[in-house]
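So you know, we letter chains A, B, ... as the sequences are listed, proteins then strands, and number each from 1. Values below: every heavy atom of this structure, side chains too, minus hydrogens, waters and symmetry copies. Predicted model only: the values in this text are computed from it and were never measured.
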2 protein chains.
Amino acid sequence: MYSYTEENYLKAIYKLQEQSGEAINTNSIAGAMATKAASVTDMIKKLSDKKLLKYQKYKGVHLTDAGKKIAIETVRKHRLWETFLHHKLNFLWDEVHDVAEQLEHIQSEALIDKLDEYLGFPSHDPHGDPIPGRNGIIKVTKLLLLSDLETGKHGIISGVVNHSRLFLQYLQKNGLTLGRSIKILEINAFDLSVQIELDKVKKIHISNEVARNILIKTK
Amino acid sequence: MYSYTEENYLKAIYKLQEQSGEAINTNSIAGAMATKAASVTDMIKKLSDKKLLKYQKYKGVHLTDAGKKIAIETVRKHRLWETFLHHKLNFLWDEVHDVAEQLEHIQSEALIDKLDEYLGFPSHDPHGDPIPGRNGIIKVTKLLLLSDLETGKHGIISGVVNHSRLFLQYLQKNGLTLGRSIKILEINAFDLSVQIELDKVKKIHISNEVARNILIKTK
DNA sequence: AAATATTTTTAGACATGTCTAAAAATATTT
DNA sequence: AAATATTTTTAGACATGTCTAAAAATATTT
Ligand SMILES: [Mn+2]
Ligand SMILES: [Mn+2]
Ligand SMILES: [Mn+2]
Ligand SMILES: [Mn+2]
């Protein structure tokens, strides 16, 4: 129905839109798509002709309902495939993204529905991100940055802000994986680094940079 | 590495080559690819420049070792995905081909190796076709057409010649699926239709047209 | 408010893969 | 062997998505 490239543009615009709330400008799309502003303008015109987004020259774009639907379907496929790769094929959580970038463009409703069922209708992907349902509804859980928790507070590691392989590998190596419980022991007033207790046993010291990229579910 | 289209051309030429043994001409490739002869000539030149096939104007083509390697890898991916769809996601054997046509182009060696392992290193796909190994080796089992068996002979349904959805659905409906044992009870001299015994219980009458498209393994 | 900087768009080009129509080469018939 | 039919290639065009360089519009600084 829609091309590989069109789906990627819609997904990128959708994600920028979720963050900013405002109209998305040409340069930020170019950044997200690793392409040039001129190419973005060309593609924007095409997507606008297809009524997938609203475009006013020099004013940026925002997705129509139709465009948003395709973006969310693509996100759903991406996260279901990541879940498959992690849970069934034993890919590590830092290895799933690149392959899912390809798999998310396979066109078959039956395939995705059956995959969803086969995986037991998972609610979250290997990075803790929510998987949109068939109906396009995304259940958002309220999470806090580990760096925003006060001393003595505790919770469960439930997501990451940074999705880079390097960061994911760092977390893996230090046991800071999804589902582990943490408690804030001490916050260093100088560099804002944090001493935490992991699973009520192990003590770990992490930088503020790391703490700002871990999402915690508190009671 | 190679485009979706290049892989499809190489796979098509490979299959034509397996059947005929001779140089493959432009029109037969056009037929297999559902495109025009002019387009085939264009693509052939590109594949020839890339040393994936040998081309002499007006004399047809044949794959180089490099081209054959890519073709076989694509067949391997196609058949592994068909097996996954059938055995894990409960697709029927007539439903797997079209989706596998897309999935076969996903580029990731790790993915295919892990999928192979996850499926238990299957030797054959849902249509009885052999799955090439990592090394590119295809283990060919000698099979006979059901229409070539004499009265009294028996064997196991092990493959199909025609892969059309209509034929596969017909076989499914009549219980003529892979692994079932059959015995030739009687061959009608007039229309060459065959009376067979299925799994030593059920009697079925099939046309010569059907018998010519079922492959049997005999002891 | 004018000058300057930044962002966005336009113009024109290129790569990939496709097509139709015409030309050229090869195969078949007489 | 010449005439005719078939197959293949060439020429030129088009769609998709990308690019660089220049022009135009908008935003920021003075
Ligand atoms: Mn991802
Ligand atoms: Mn993810
Ligand atoms: Mn198939
Ligand atoms: Mn098959």
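For dT16(C), neither phosphate oxygen OP1 nor OP2 lies less than 4.0 angstrom from any side-chain nitrogen or oxygen of Y2(B). Remark: T35(B) is in phosphate contact with dC19(C), judged by side-chain N or O atoms under 4.0 Å from OP1 or OP2. In this structure, N27(A) reaches the dT8(C) phosphate: one of its side-chain N or O atoms is under 4.0 Å from OP1 or OP2.
Atom OH in Y4(B) sits about 11 Å away from atom P in dT18(C), given to the nearest Å. To the nearest angstrom, P of dT18(C) lies 13 Å from CD1 of I29(B). With rounding to whole Å, N25(B) atom CG is found 19 Å from dA25(C) atom P. Rounded to whole angstrom, the span from the NZ atom of K45(A) across to the P atom of dT18(D) amounts to 14 Å. Residue K36(A) contributes atom NZ, which lies 17 Å from atom P of dC14(C) at whole-angstrom precision. Following rounding to the nearest Å, N8(A) (CG) and dT16(D) (P) show an atom-to-atom distance of 17 Å.
A donor-acceptor pair under 3.5 Å is absent between the side-chain atoms of T5(B) and the main chain of S3(B), judged by distance alone.
In this pair, W93(A) and H127(A) present their aromatic rings parallel. The plane angle is below 30°, not in the 30 to 60° band.
The closest side-chain donor-acceptor pair between H105(A) and N8(A) falls under 3.5 angstrom.
For the pair K88(B) and Y118(A), the cation-pi criterion (under 6.0 Å, within 45° of the ring axis) is not fulfilled.
Distance from the side chain of A38(A) is smallest for dT20(D) among the nucleotides dT20(D), dT20(C), dT18(C).
Residues forming a ring pair (Phe, Tyr, Trp, His ring centres under 6.0 Å) with Y9(B) (at least two apart in sequence, or on another chain): none.
Here S39(A) lies in heavy-atom contact (under 4.0 Å) with a base. Residue contacts for T26(B): at a heavy-atom cut-off of 4.0 Å it reaches the sugar-phosphate backbone alone, with no base atom in range. Base contact: D42(B) has a heavy atom under 4.0 Å from a base atom.
Contacts between residues 47-59 of chain B and DNA chain D, defined by a heavy-atom separation below 4.0 Å, involve Y55(B), K57(B), Y58(B), listed by number.
Base pairing in DNA chain D gives the following stems of 3 or more Watson-Crick or G-U pairs, range against range and under 3.5 Å: C:1-30 with D:1-30.
I138(B) has its side chain out of reach of V75(B): every pair of non-hydrogen atoms, C-beta onward, lies at least 4.5 Å apart.
Ionic pairing of K11(A) and E7(A) is not present here: no N-O contact between side-chain nitrogen and carboxylate oxygen is shorter than 4.0 angstrom.
Partner of R76(A) under the salt bridge (Lys or Arg N to Asp or Glu O under 4.0 Å) criterion, chosen from D129(A), D116(A), D125(A): D116(A).
Side-chain rings of F84(B) and F84(A) approach one another, their centers coming within less than 6.0 Å.
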